[in-house]
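Here is how names work: the chains are called A, B, and so on, in the same order as the sequence lines, proteins then strands, and each is numbered from 1.
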Protein chains: 2
Amino acid sequence: MATTRERLLEAGLRLLLEHGYNDLGIQVLLKETGIPKGSFYHHFRSKEDFAMQVVDRYMEEVHQGLDLSLGDTRLAPLARARRFFELSRDKYRRDGYMGCMLGGLGQELSGVNATFAARIEACFGEISGRIASCLEEARQQGELPQDADPRELANLLLNCWEGAALRSRLLRDPAPLDRMLDFTFSAATRAS
Amino acid sequence: MATTRERLLEAGLRLLLEHGYNDLGIQVLLKETGIPKGSFYHHFRSKEDFAMQVVDRYMEEVHQGLDLSLGDTRLAPLARARRFFELSRDKYRRDGYMGCMLGGLGQELSGVNATFAARIEACFGEISGRIASCLEEARQQGELPQDADPRELANLLLNCWEGAALRSRLLRDPAPLDRMLDFTFSAATRAS
DNA sequence: TCCACTAGACTGACCGGTCTACTCACAATC
DNA sequence: GATTGTGAGTAGACCGGTCAGTCTAGTGGA
């Protein structure tokens with residue numbers, strides 16, 4: 001049996017994705033996990049602290065996905081980048097197409113909570129940075145135009161992906177994700 | 001002085017964009033407007049009813065933007081579509097780059113409230129539909145490849161826009177919006 | 001007179017967070 | 001090796017505050 005802390009974070013991943021931050025009550029989390037309140041506040045300073053640690057946990061999974069895809073040297077660099085998004089899409093399917101937690105929490109909280117906004121933006125920065133390295137490799141190998149800007153392109157892919165993930169969440173359907181990938185990747189190879 | 005109902009909706013536009021749904025208390029709305037609770041519940045059945053009407057109001061503004069841009073026959077069809085997004089960007093600037101209310105409420109509520117999810121998706125459908133008509137015209141005039149699919153392309157533009165709007169909200173910066181427009185519009189003209 | 005509307009006190013439920021009591025594995029002591 | 005002390009973790013009753021929503025009273029124009 002996993003530790004109390006791990007069980008809370010695990011449930012947090014699912015519940016925060018579904019409910020968002022403000023709609024998720026501590027009591028619901030505790031009821032779902034069968035863990036009493038005293039334990040929760042022993043392991044976490046506050047609800048906000050908890051959510052932050054859930055985000056950390058979420059990012060661990062994201063980085064695993066990046067390791068798996070960008071590190072797959074059997075693929076050409078551009079295919080590795082695309083593979084990351086495809087792995088993400090597969091993860092979304094397992095979650096019932098609820099989209100991306102970063103996009104969800106970012107939208108909900110960035111208007112009010114600067115700490116959260118900064119954390120989520122930092123997460124996007126991390127992801128975008130790793131994709132950018134991969135795209136730079138693609139550029140050097142001639143898969144992208146020589147004058148392409150890998151960092152800009154990585155941010156663009158990520159942002160468009162988040163938009164597609166929102167639409168996918170609304171429709172509970174992966175189609176917007178695939179359409180976005182087809183369009184942006186075929187466009188990226190064609191122009192700077 | 002505007003009517004009580006109008007003042008509430010007006011404040012709702014601003015406060016829902018900033019706080020989202022769950023973080024916005026009725027009391028805050030009433031304090032900001034100086035309107036007593038009895039009046040609120042005279043004009044609106046519930047908080048959810050209120051938010052729905054704020055969305056309706058938001059969509060009126062969106063349609064005005066669409067009228068202004070897509071109806072501007074001095075521009076070529078493709079430029080009209082782009083103009084709509086530029087007008088939206090200008091509106092975001094006036095709001096302090098808080099992104100799009102549809103994206104915000106969609107992300108926050110679509111995991112829990114099916115009524116809201118359907119309403120927001122319908123809004124996206126309306127917008128996308130009007131852009132698609134414009135893109136169809138662009139296709140007929142040869143601005144887009146003959147085999148381009150205007151409806152798909154319109155959805156794609158809108159989705160990518162929403163992603164860029166989220167990032168713009170996180171950064172309080174319009175750059176992601178402009179980058180997205182440059183990339184997608186130059187790509188759309190080039191390929192199907 | 002009538003009714004749309006204003007006005008705000010009030011309600012019960014629920015919120016995040018605190019508090020004290022308790023359990024139990026394990027280390028220190030003789 | 002039995003006894004005792006210690007602290008991490010469990011357990012849930014409880015707290016003040018806030019929530020959406022209700023209720024009754026009053027107001028003012030038609």
Any T4(B) side-chain N or O less than 4.0 Å from OP1/OP2 of dC5(C):
no
Side-chain N or O of H43(B) less than 4.0 angstrom from OP1 or OP2 on dT6(C)?
yes
Please tell me whether R5(B) and H42(B) have a donor and an acceptor in their side chains that are separated by less than 3.5 angstrom.
no
Distance-only side-chain donor-acceptor flag, S186(B) / R190(B), under 3.5 Å
yes
Once you round it to whole Å, what is the distance between [atom2] of [N] and [atom1] of [X]?
| X | N | atom1 | atom2 | result |
| --- | --- | --- | --- | --- |
| I35(B) | dG21(D) | CD1 | P | 17 Å |
| D23(A) | dA20(D) | CG | P | 12 Å |
| H42(A) | dC22(C) | NE2 | C1' | 14 Å |
| K31(A) | dC15(C) | NZ | C1' | 16 Å |
| L29(B) | dT18(D) | CG | C1' | 16 Å |
| L30(B) | dG21(D) | CG | C1' | 12 Å |

Under a 4.5 Å cut-off applied to non-hydrogen side-chain atoms, are [X] and [Y] in contact?
| X | Y | result |
| --- | --- | --- |
| Y97(A) | P174(A) | yes |
| N155(B) | P176(A) | no |
| P77(A) | R80(A) | yes |

Identify all pairs in which a protein N or O lies below 3.5 Å from an N or O of nucleotides 25-30 of chain D, and state each distance.
none

With clusters defined by side-chain heavy atoms of hydrophobic residues (ILVMFWY) lying less than 4.5 Å apart, directly or transitively, does L157(A) cluster with L87(A)?
no
Stepwise side-chain contact (heavy atoms from CB on, under 4.5 Å) test for L13(A) and E61(A):
CA-CA 11 Å; L13(A) 279 173; E61(A) 293 182 7; 3.5 Å; yes
Between D178(B) and R89(B), is there a side-chain N and carboxylate O pair less than 4.0 Å apart?
yes
Restricting both atoms to N or O, compile the protein contacts to nucleotides 16-19 of chain C shorter than 3.5 Å, with distance only.
from    : atom 1 : to     : atom 2 : distance (Å)
dG16(C) : OP1    : L24(A) : O      : 3.3
dG16(C) : OP1    : K47(A) : NZ     : 2.9
dG16(C) : OP2    : I26(A) : N      : 2.9
dG16(C) : N7     : K37(A) : NZ     : 3.4
dG17(C) : OP2    : Y41(A) : OH     : 2.9
dG17(C) : OP2    : K47(A) : N      : 2.8
dG17(C) : N7     : K37(A) : NZ     : 3.0
dG17(C) : O6     : K37(A) : NZ     : 2.4

Determine whether more than 12 heavy atoms belonging to other residues, nucleotides or ligands lie under 6.0 Å from atom CZ of R172(B).
yes
